[in-house]
Amino acid sequence: MNGDQVVGRLEEDGTCTHTSRVTGQTYTWDAEWVLTDEELWIFDNGYLEDGTMFLGRHDRVHHRLSRTRDFRCQVTDGAGASEDILLHDRGETRSLANGSLELKLLRANLPLSGSDTLVEQTRLMMLRSGQDEVIAETMMKGRTDHVSLVYPGNAIHCRAVD
């Protein structure tokens with residue numbers, strides 16, 4: 001334990017060497033894992049005996065995996081018809097009952113408008129089914145418990161389900 005996170009490493013210096021019983025080839029692994037309530041960071045490189053890397057990243061950057069959150073979305077169309085859709089906030093897409101539209105919810109580090117600066121944002125999008133065409137969208141900074149999108153003839157209200 002290191003504060004509110006668990007840190008794991010191979011051996012004392014973070015490396016471990018293994019020789020295959022089948023081929024006799026020696027492999028060295030260099031790895032570290034960091035686990036928090038919301039994320040898992042994994043650095044895992046594998047090297048052959050001659051130093052050639054066969055797995056991992058040369059820049060030694062950890063892969064960042066983030067926890068998803070489920071949201072229940074109430075979708076109401078202009079005629080008053082309503083449906084509930086359950087989706088998570090890591091880019092899941094679901095088709096609406098009419099079959100011509102899809103709803104997508106994404107929480108990620110995205111560039112601020114007109115900038116290269118990445119900031120965690122929650123983005124709710126209405127798409128044409130089977131296409132990348134965004135019909136309407138809204139974006140909120142950070143992690144949120146609710147997000148809404150209102151556009152002509154439709155309203156979508158999503159709340160986190162805990």
Side-chain angles (χ1 to χ4, degrees), residues 1-10 14 16 29-46 53-162:
M1 288 292 289
N2 182 358
D4 62 348
Q5 62 188 17
V6 177
V7 178
R9 288 187 188 91
L10 294 174
C16 179
W29 295 93
D30 185 7
E32 178 181 72
W33 306 270
V34 180
L35 178 64
T36 71
D37 286 344
E38 293 297 318
E39 296 176 324
L40 171 61
W41 293 69
I42 301 173
F43 163 72
D44 195 11
N45 281 5
M53 185 172 62
F54 66 89
L55 178 74
R57 293 179 54 148
H58 290 285
D59 59 9
R60 302 175 56 86
V61 171
H62 288 65
H63 293 278
R64 178 182 179 188
L65 306 172
S66 299
R67 185 179 194 166
T68 64
R69 294 180 69 206
D70 288 332
F71 280 73
R72 181 170 308 282
C73 299
Q74 175 91 33
V75 181
T76 308
D77 68 17
S82 179
E83 68 179 292
D84 279 340
I85 294 180
L86 186 66
L87 60 147
H88 65 71
D89 65 352
R90 290 302 184 179
E92 185 171 21
T93 303
R94 296 277 181 179
S95 293
L96 299 183
N98 68 15
S100 65
L101 299 174
E102 296 175 337
L103 189 61
K104 182 175 189 172
L105 183 61
L106 174 64
R107 179 171 48 100
N109 288 327
L110 301 167
L112 285 175
S113 181
S115 169
D116 290 336
T117 304
L118 296 179
V119 175
E120 184 177 48
Q121 299 181 64
T122 302
R123 182 178 182 197
L124 179 62
M125 295 166 275
M126 182 63 66
L127 310 164
R128 293 212 191 281
S129 288
Q131 301 175 23
D132 289 333
E133 180 187 352
V134 177
I135 299 169
E137 68 179 324
T138 188
M139 202 171 311
M140 298 180 67
K141 285 186 184 175
R143 177 184 163 139
T144 184
D145 290 331
H146 57 86
V147 60
S148 296
L149 174 61
V150 178
Y151 66 99
N154 295 276
I156 304 155
H157 302 284
C158 301
R159 290 209 166 279
V161 179
D162 292 323

> When you look at Glu92 and Arg94, which way does the salt bridge (charged side-chain N to carboxylate O under 4.0 Å, His left out) test go after all the steps?
Replying inline: CA-CA 7 Å; Glu92 185 171 21; Arg94 296 277 181 179; 2.6 Å; yes
Of all the heavy-atom pairs spanning [X] and [Y], show the shortest one and how long it is.
{"X": "Met126", "Y": "Leu149", "answer": "N-CD2, 4.2 Å"}
{"X": "Asp59", "Y": "Arg57", "answer": "OD2-NH2, 2.7 Å"}
{"X": "Thr76", "Y": "Ser82", "answer": "OG1-OG, 3.9 Å"}
{"X": "Cys73", "Y": "Leu103", "answer": "CB-CD2, 3.9 Å"}
{"X": "Ser148", "Y": "Thr138", "answer": "O-CG2, 3.0 Å"}
{"X": "Ser66", "Y": "Arg90", "answer": "CB-NH2, 2.8 Å"}

>> Would you say that more than 12 heavy atoms from the other residues, nucleotides or ligands in this model lie under 6.0 Å from the CG of Asp84, or not?
In response: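 Atom CG in Asp84 is packed in, count exceeds 12.
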> Checking ring pair (Phe, Tyr, Trp, His ring centres under 6.0 Å) for the pair Phe54/Trp29: CA distance, chi angles, key distance, verdict?
Replying inline: CA-CA 10 Å; Phe54 66 89; Trp29 295 93; 5.3 Å; yes
> Can Leu10 and Trp33 be said to form a side chain to side chain contact (heavy atoms under 4.5 Å, CB included), step by step?
Replying inline: CA-CA 9 Å; Leu10 294 174; Trp33 306 270; 3.8 Å; yes
> Any ion pair linking Glu120 and Arg143 (charged N to carboxylate O, less than 4.0 Å)?
Replying inline: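 Judged by the 4.0 Å cut-off on N to carboxylate O distance, Arg143 and Glu120 do not form a salt bridge.
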Inter-residue atom distance [X].[atom1] - [Y].[atom2], 0.5 Å rounding:
{"X": "Arg60", "Y": "Asp44", "atom1": "CZ", "atom2": "CG", "answer": "11.0 Å"}
{"X": "Phe43", "Y": "Asp30", "atom1": "CZ", "atom2": "CG", "answer": "4.0 Å"}
{"X": "Thr117", "Y": "Asn109", "atom1": "OG1", "atom2": "CG", "answer": "11.5 Å"}
{"X": "Arg72", "Y": "Leu87", "atom1": "CZ", "atom2": "CG", "answer": "10.5 Å"}
{"X": "Ile135", "Y": "Ser100", "atom1": "CD1", "atom2": "OG", "answer": "7.5 Å"}
{"X": "Phe71", "Y": "Ile156", "atom1": "CZ", "atom2": "CD1", "answer": "14.0 Å"}

Checking [X] side chain against [Y] main chain: does a donor-acceptor pair fall under 3.5 Å?
{"X": "Arg69", "Y": "Thr144", "answer": "yes"}
{"X": "Asp89", "Y": "Arg107", "answer": "no"}
{"X": "Ser129", "Y": "Leu101", "answer": "yes"}

>> Are the side chains of Asp4 and Asp37 in contact, using a 4.5 Å heavy-atom criterion?
In response: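 Not in contact.
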